[in-house]
Amino acid sequence: MEFDLPRAAALLVLIVAVGTAGLIGSGMMPLQTTLMMVAPSMLLFGAIAFAIGVKHGQFRATHA
């Protein structure tokens, strides 16, 4: 399976949505806290990790 930017971004959003749904379903914290603080931080962390992973992959591809 080849990953392009839209497919990878959709996969990131799907993973965050599943994690957010799990937190909402478990009732560990209030819904407002989950949606206003946890979900955006999960998306931001995922985007940063994705960018670092892309840069690392580019480095590995050019210095192999």
Side-chain angles (χ1 to χ4, degrees):
M1 181 175 187
E2 200 155 322
F3 288 103
D4 53 356
L5 184 59
R7 192 173 294 166
L11 194 58
L12 172 66
V13 170
L14 177 69
I15 291 170
V16 170
V18 168
T20 303
L23 281 173
I24 291 170
S26 69
M28 293 180 68
M29 61 185 71
L31 178 63
Q32 185 177 2
T33 303
T34 303
L35 295 179
M36 297 294 285
M37 296 178 70
V38 176
S41 65
M42 288 171 65
L43 279 172
L44 183 63
F45 175 77
I48 291 170
F50 180 75
I52 291 171
V54 167
K55 289 298 180 185
H56 179 67
Q58 289 173 349
F59 174 79
R60 293 280 310 253
T62 58
H63 292 81

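It should be emphasised that the depicted structure is a prediction, and the values quoted were computed from it without experimental measurement.
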Name the atoms and distances for all side-chain donor-acceptor pairs under 3.5 Å in residues 31-46, with sequence neighbours left out.
| unit_1 | atom_1 | unit_2 | atom_2 | d |
| --- | --- | --- | --- | --- |
| Thr34 | OG1 | Pro30 | O | 3.2 |
| Ser41 | OG | Met37 | O | 3.1 |
| Ser41 | OG | Val38 | O | 2.8 |

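- Applying the under-4.5 Å side-chain rule to Ile, Leu, Val, Met, Phe, Trp and Tyr, the cluster around Phe59 consists of that residue alone.
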N/O donor to acceptor pairs below 3.5 angstrom from side-chain atoms of residues 8-22, sequence neighbours left out:
| unit_1 | atom_1 | unit_2 | atom_2 | d |
| --- | --- | --- | --- | --- |
| Thr20 | OG1 | Val16 | O | 2.8 |

